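Here's the structure we're looking at; comments come further down.
Quick note: numbers below take in every heavy atom, side chains included, and nothing from hydrogens, waters or symmetry partners. For clarity, every value in this text was computed on a predicted model and none was experimentally measured.
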Amino acid sequence: MKVLHLEENHPTLIKGLQALGFKNDTAYTDSLAEILAKINQYEGLIIRSKFPIDEDFLARAKKLKFIGRVGAGLENIDVKAVESRNIHLLNAPEGNRNAVGEHALGMLLSLMNRLKAGHASIQSGRWDREGHRGWELFGRTVGIIGYGNTGKSFAKRISGFDVKTLCYDILDNVGDQYAKQVDWKTLQAECEIISLHIPQTPLTRGMIDKKFIAGMGHAFWLLNTARGSAVITEDLVAGLQSQKIMGAGLDVLEYETRSFSSIFNEKKLPPALQYLIEAENILLSPHVAGWTGESHVKLAATIIGKVKKLFF
């Protein structure tokens, strides 16, 4: 069978598929029109997020048997259309869960210890100890929204800090030794830290808005290593200005392109985005929570393993 790779991944992915007997072609620089013109030749497709895999795309992919999504999110794929054609959809949330859990914890520790502001202060020639007094995690209540692969990874990593960890998920009975599953009202009433680990769906789009912020029982820190669409940035800024939100670590932003390539898509940035860039209690990273050297290999290995299980 022939497999078309739309984006570059770790070399072990192509090597692993070759070892299983697949013929691999790459189309890293091809336009969507060029890909559509030849997709009917392939039984397999390897993607990240460059192009939407929609009804029109799938209608042309007459021979397609499987799609390998090198990552977790499926928002760029028409899942129902894929399933209606009996095409196997393989993604790899296991491949970067460790990386995301560690990144979220790193962001939280940096925010609570005011490391960004302290570093900037020293760079400017000031040695201000009292002005950079931070906070401890010990004894706090952490809330995780979305308790799948990355949510569980974060919970495990934060468990050594003597915190109480709660989780909320649309699925029942997902809690474990690291997090107690609770309802939405309890999560909001008790938590001082909220970490998002959710896919992009109609239910999660705009989830963190002014109503959510107002409903929190405590001032809180916010972490988002999931999808930028989950947070309404203008409402986040208002929460920061009122000090209901103590700080935020954001690996993703609603201003990213479909392929997560940049937030700098306009000559003049939206005011809310400009505020985040300049605020000292905000920590931003360029959608790299799951983007470690180790996860690069693990994502490839996960897809290889699922393809092998599917066909052999």
### Task
Applying side-chain contact (heavy atoms from CB on, under 4.5 Å), name anything that partners Glu136, two or more places apart in sequence or on another chain.
Phe138
### Task
Kindly give the heavy-atom pair with the smallest separation between Thr12 and Ala300, and that separation in Å.
OG1-CB, 3.5 Å
### Message
Looking at Arg48 and Glu8, is there a salt bridge between them, counting it only when a charged N and a carboxylate O are closer than 4.0 Å?
### Response
no
### Summary
Residues Phe51 and Leu6: closest non-hydrogen pair is CD1-CD1, 4.1 Å
### Query
Of all residues at least two apart in sequence or in a different chain, which pass the side-chain contact (heavy atoms from CB on, under 4.5 Å) check with Arg205?
Gln200, Ser229
### Task
Check the hydrophobic clustering (I, L, V, M, F, W, Y; side-chain heavy atoms under 4.5 Å; chains of links allowed) and say if Leu115 and Trp135 are grouped together.
no
### Query
Are Ser285 and His287 linked by a side-chain donor-acceptor pair shorter than 3.5 Å?
no
### Summary
For Leu171, the side-chain contact (heavy atoms from CB on, under 4.5 Å) test, sequence neighbours excluded, returns Asp169, Val174
### Query
Does the side chain of Leu253 come within less than 4.5 Å of Val231's, by heavy atoms?
no
### Query
Do Asp25 and Lys23 meet the salt-bridge criterion of a basic N to acidic O distance under 4.0 Å?
yes
### Message
Please determine whether the number of non-hydrogen atoms from other residues, nucleotides or ligands lying under 6.0 Å from atom CD of Gln243 exceeds 12.
### Response
no
### Query
What pairs with Asp30 under side chain to side chain donor-acceptor pair (under 3.5 Å), at least two apart in sequence or on another chain?
Lys38
### Query
Has Lys244 got more than 12 heavy atoms of other residues, nucleotides or ligands less than 6.0 Å from its NZ?
yes
### Message
Going by side-chain contact (heavy atoms from CB on, under 4.5 Å), name the residues that satisfy it together with Pro199, two or more places apart in sequence or in a different chain.
### Response
Thr201
### Message
Regarding Ser295 and Thr292, do their side chains bring together a donor and an acceptor under 3.5 Å, going by distance alone?
### Response
yes
### Message
Using side-chain heavy atoms (C-beta onward) and a distance below 4.5 Å, is Ile53 in contact with Asp78?
### Response
no
### Query
For Lys185, what residues pass the side chain to side chain donor-acceptor pair (under 3.5 Å) criterion, not counting sequence neighbours?
none
### Query
For the side chain of Asn40 and the backbone of Arg60, is there at least one donor-acceptor N/O pair under 3.5 Å apart?
no
### Task
In plain terms, say whether Glu280 and Arg114 are close enough for a salt bridge, that is, a side-chain N and a carboxylate O under 4.0 Å apart.
yes
### Message
Counting C-beta onward and ignoring hydrogens, is there a side-chain heavy-atom pair between Leu223 and Ile194 closer than 4.5 Å?
### Response
no
### Task
Identify whether the distance between the nearest side-chain nitrogen and carboxylate oxygen of Arg85 and Glu55 falls below 4.0 Å.
yes
### Query
Less than 4.5 Å apart, any side-chain heavy atom of Phe154 and any of Thr225?
no
### Message
Any carboxylate oxygen within less than 4.0 angstrom of a Lys/Arg side-chain nitrogen, looking at Arg227 and Glu75?
### Response
yes
### Query
Where do Glu94 and Lys306 land on the salt bridge (charged side-chain N to carboxylate O under 4.0 Å, His left out) test, with the steps shown first?
CA-CA 11 Å; Glu94 310 94 328; Lys306 291 186 177 182; 3.1 Å; yes
### Query
What do the steps show when you test Ser195 against His197 for side-chain hydrogen bond (donor to acceptor under 3.5 Å, both in side chains), and what is the final call?
CA-CA 7 Å; Ser195 189; His197 298 272; 2.7 Å; yes
### Query
Between Ile170 and Val182, is there a shared hydrophobic cluster once you connect ILVMFWY residues whose side-chain heavy atoms come closer than 4.5 Å?
no
### Query
Do you reckon Phe311 sits in the same ILVMFWY cluster as Ile67, going by side-chain contacts under 4.5 Å, direct or chained?
no
### Message
Counting C-beta onward and ignoring hydrogens, is there a side-chain heavy-atom pair between Gln181 and Tyr168 closer than 4.5 Å?
### Response
no
### Shortest non-hydrogen contact from Phe212 toward Asp209
N-OD1, 2.9 Å
### Task
Kindly work out whether a path of hydrophobic side-chain contacts (I/L/V/M/F/W/Y, heavy atoms less than 4.5 Å apart) joins Leu166 to Leu196.
yes
### Summary
Nearest heavy-atom approach of Leu45 to Val3 is N-CG1, 4.2 Å
### Task
Could you tell me whether Glu43 and Lys2 make a salt bridge, using a distance below 4.0 angstrom between a side-chain N and a carboxylate O?
no
### Query
Between Ile245 and Trp221, is any pair of side-chain heavy atoms under 4.5 Å apart?
no
### Task
Inspect the surroundings of CD in Glu234 and state if more than 12 heavy atoms from other residues, nucleotides or ligands are less than 6.0 Å away.
no
### Query
If you look at every heavy atom in Ile213 and Gly239, which pair is closest and at what distance?
CG2-CA, 4.3 Å
### Task
Dump the intermediate steps for side chain to side chain contact (heavy atoms under 4.5 Å, CB included) on Leu250 and Leu276, then the final yes or no.
CA-CA 9 Å; Leu250 308 171; Leu276 295 183; 3.8 Å; yes
### Any donor-acceptor N/O pair, Asn76 side chain to Pro52 backbone, under 3.5 Å
no
### Message
Under a 3.5 Å threshold, yes or no: a donor from one side chain and an acceptor from the other, between Asn91 and Arg69?
### Response
no
### Task
Would you check if Trp291 and His296 make a side-chain contact, meaning some heavy-atom pair closer than 4.5 Å?
no
### Task
Considering non-hydrogen atoms only, spot the tightest contact between Phe220 and Cys191 and give its length.
CB-O, 4.4 Å
### Query
For Leu299 and Leu13, what are the C-alpha separation, side-chain angles and deciding distance, and is it a side chain to side chain contact (heavy atoms under 4.5 Å, CB included)?
CA-CA 9 Å; Leu299 287 166; Leu13 181 52; over 6 Å; no
### Query
Do Arg157 and Asn98 have side-chain atoms, one donor and one acceptor, less than 3.5 Å apart?
yes
### Query
Tyr147 and Leu108: same hydrophobic cluster, using ILVMFWY side-chain contacts below 4.5 Å?
yes
### Task
Examine the side chains of Thr233 and Glu254 and answer whether a donor and an acceptor come within less than 3.5 Å of each other.
yes
### Query
Can you check whether Glu83 reaches Ile87 side chain to side chain, under 4.5 Å on heavy atoms?
no
#### Entry: Phe264/Tyr255 aromatic ring centres below 6.0 Å
no
### Task
Evaluate the salt bridge (charged side-chain N to carboxylate O under 4.0 Å, His left out) criterion for residues Arg140 and Glu192: first the C-alpha distance (whole Å), next the side-chain angles of each, then the deciding distance (0.1 Å), finally the verdict.
CA-CA 7 Å; Arg140 296 189 183 273; Glu192 301 160 271; 3.0 Å; yes
### Message
Testing the 3.5 Å rule here: is there a donor-acceptor pair between the side chains of His5 and Asn24?
### Response
yes
